[in-house]
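All values below come from the heavy atoms of this structure, side chains included, with hydrogens, waters and symmetry mates left out. A note on names: the letters A, B, ... follow the listed sequences, proteins ahead of strands, and every chain is numbered from 1.
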Protein chains: 2
Amino acid sequence: MTHANNVAPLFRDIAKVEHEHHLACQSCALYRLCLPLGLHSDDLARLDKIIKRSQSLSRNQSLFNYLAPFKSIYVVRSGAFKTTISASNGREQVTGFYFPGEFIGMDAIHSQNYQSTAKALETSSVCELPFERLQEFGAAMPQLQMQMMSRLSKELSSDKSLMVLLGKKTAEEKMATFLVSLSRRFQDRGFSATEFQLSMSRSDIANHLGLAVETVSRLLGRLQDGQLVHFEGKSVTIEDLEALQKLCG
Amino acid sequence: MTHANNVAPLFRDIAKVEHEHHLACQSCALYRLCLPLGLHSDDLARLDKIIKRSQSLSRNQSLFNYLAPFKSIYVVRSGAFKTTISASNGREQVTGFYFPGEFIGMDAIHSQNYQSTAKALETSSVCELPFERLQEFGAAMPQLQMQMMSRLSKELSSDKSLMVLLGKKTAEEKMATFLVSLSRRFQDRGFSATEFQLSMSRSDIANHLGLAVETVSRLLGRLQDGQLVHFEGKSVTIEDLEALQKLCG
DNA sequence: CAGGGTTCTTGACCTGGATCAATGTAAACT
DNA sequence: AGTTTACATTGATCCAGGTCAAGAACCCTG
């Protein structure tokens, strides 16, 4: 930005931009799910200014790579992402799928390097929150800090649930749990709980659940035969959500 | 505590108590690993005052139970803990083991209810950090907030590693990873990296790693036959840490 | 230190889901 | 249109690790 130039018309332009900017978070469809929730409007305006908005990524493009230096936390704005960690032999674990309003990269705060690789599953966009700037606000906006911790805590608790899934559940329970969790998350975002698109491949699902692709394919077939769900390529219709919930274990 | 009584000798007693209190965190053997690290000494004194210290628990006693209302985060002072979550059919997953300097209960910040049950594995003590009081300090001590986030982030990243373990590793790799991780954590705490006690039962280990007790027993036997480690009941001697690390995958 | 419980080890057997293999489908590029 | 390459389904076979069973070693507590 160039030096301010004190002629009246320019001032008004700046004011207008500021105002539109101020609205960006408030008018966002994800506001209800997002970080700024509960901030005072002047705090929100300050936060708004440091957010780098609407960076767009196409399918398979990386948002960041494993061990890259940590600079920002990202919030999914549209589309979907997966994060992966690799063990040896090129084995990879899909550690999570991320949908609009969800945060990516928080596990890098401690080590200051991203601990996973994040890839877009389809054309997607994110809001970037430069972490240093966020910290500068810390003292002035304790609610913001609290929101951040709450987010971290939420991911922690869903990771623990995933441990139960990976460690204790059968293939069928895993599959049912996955579908119910997707349904829940779509509903939270104002979409249908019973009809949605799977943006990830069968092999991503299998990997995430600790199963083989073939097993996922068979399980989906079985659930379809049992009239619990209907698949048509990537699109899913849940026909008996209650029954599916009972299968979760 | 009774009302202050302004005679000189009592004053001196109070001053002395305050001073000792001030030292409690600084003189703690775990200071280097703990939350107050990096705080200014006056901030430290304030933090010191809200910490409820040295609560003692005996073997199998619960620190908190699943779904109990969240009030405090705990730091292990001595001994060891495990946390568990239950699926249906009474199946339980041991989600973590916690040693001195490590934090328990952070996954409850979001939901305001503990998301797991924490039990002492041996006679243990904790420092209790009442979360509301901690929050009150937030604005005044941004470093403290930052430390908290860093802690949360660290647990997040170790949970992701556990996902790789549960989802992708073989029984042998799991076992090796577990032993190496214990070794590392004991070393960080100033203990021997090669000789330590397993405070948890075989069945807790098995459960945590997503294995059957019998498999753990066989694996430990096999590692012992291969001269990598030596077991004598609960005590372990790692004889070839490097080889063990190679087995982690 | 006897005895009743719990935890640990070891062996024999079994199975859920992995792996291998072959074919089907469908999007992406000539 | 046809060709390539990736993804998905289905069947046949296999095996790592689970389950069952039976002792052995280790507690506790009286």
Short N-O contact, B:E122 and B:K234, less than 4.0 angstrom: no
What is the distance, rounded to the nearest whole Å, between atom CZ of A:R222 and atom C1' of D:dT9? 15 Å
List the residues meeting side-chain contact (heavy atoms from CB on, under 4.5 Å) with A:S56, not counting sequence neighbours, and say none if there are none. A:T123
Among residues two or more places apart or on two chains, list those pairs meeting ring-ring contact (aromatic ring centres under 6.0 Å, His included) that have a residue in residues 204-242 of chain B. B:F97-B:H208
Nearest-Å distance, CG (B:N60) to C1' (C:dT7)? 13 Å
For atom CG of A:D204 and atom C1' of D:dA6, their distance in whole Å: 13 Å
For B:Q147, which residues count as a side-chain contact (heavy atoms from CB on, under 4.5 Å) partner, sequence neighbours excluded? B:L35, B:L37
Under the salt bridge (charged side-chain N to carboxylate O under 4.0 Å, His left out) rule, collect the residues that match up with B:R218, sequence neighbours excluded. none
Would you mind checking if A:R189 and A:E102 are paired as a salt bridge, meaning a charged N to carboxylate O distance below 4.0 Å? yes
Tell me, which of residues 81-94 of chain A have any heavy atom that sits under 4.0 Å from an atom in DNA chain C? none
In short, the helix from C:dG4-D:dC27 to C:dT30-D:dA1 is bent end to end, axes from five pairs each side, to 10°, by 50°
Contact under 4.0 Å: B:K234 side-chain N or O vs C:dC8 OP1/OP2: yes
Base, sugar-phosphate, or nothing for A:S217, non-hydrogen atoms under 4.0 angstrom? base
Set out, line by line, the N/O atom pairs under 3.5 Å between protein and nucleotides 18-22 of chain C.
residue: C:dA18; atom: OP1; partner: A:G210; partner atom: O; Å: 3.3
residue: C:dA18; atom: OP1; partner: A:A212; partner atom: N; Å: 3.4
residue: C:dA18; atom: OP2; partner: A:A212; partner atom: N; Å: 3.1
residue: C:dA18; atom: OP2; partner: A:T215; partner atom: OG1; Å: 2.3
residue: C:dT19; atom: O4; partner: A:R218; partner atom: NH2; Å: 3.0
residue: C:dC20; atom: N4; partner: A:E214; partner atom: OE2; Å: 3.0

Between B:T177 and B:E173, the two heavy atoms sitting closest are OG1-O, 2.6 Å
Find the distance B:L198:CG to C:dC8:P and express it as a whole number of Å. 10 Å
Interatomic distance, CG@B:L156 vs CE@B:M106, rounded to 0.5 Å, equals 9.0 Å
Once salt bridge (charged side-chain N to carboxylate O under 4.0 Å, His left out) is applied, do any residues pair with A:E92, and if so which ones, sequence neighbours excluded? none
Hey, would you say the B:F191 and B:F196 ring centroids sit under 6.0 Å apart? no
Spacing of A:F231 atom CZ relative to C:dA26 atom C1', expressed in whole Å: 19 Å
Between D:dA25 (C1') and B:E232 (CD): distance, integer Å: 13 Å
Contacts of type salt bridge (charged side-chain N to carboxylate O under 4.0 Å, His left out), residue A:E195, not counting sequence neighbours: none
Whole-Å gap separating P (D:dA6) and CZ (A:R59): 12 Å
Check the interface with nucleotides 3-6 of chain C: list each N/O to N/O pair with the protein under 3.5 Å, or write none.
none

side-chain hydrogen bond (donor to acceptor under 3.5 Å, both in side chains) contacts in which one or both residues fall within residues 69-83 of chain B, not counting sequence neighbours: B:S54-B:R77, B:S72-B:E128, B:S78-B:S125, B:K82-B:D204, B:T83-B:T95
The criterion is salt bridge (charged side-chain N to carboxylate O under 4.0 Å, His left out); which residues satisfy it with A:R184, sequence neighbours excluded? A:D188
Residues B:K168 and A:G210: closest non-hydrogen pair is NZ-CA, 4.5 Å
B:R202 CZ to D:dA25 P, straight-line distance once rounded to whole Å: 14 Å
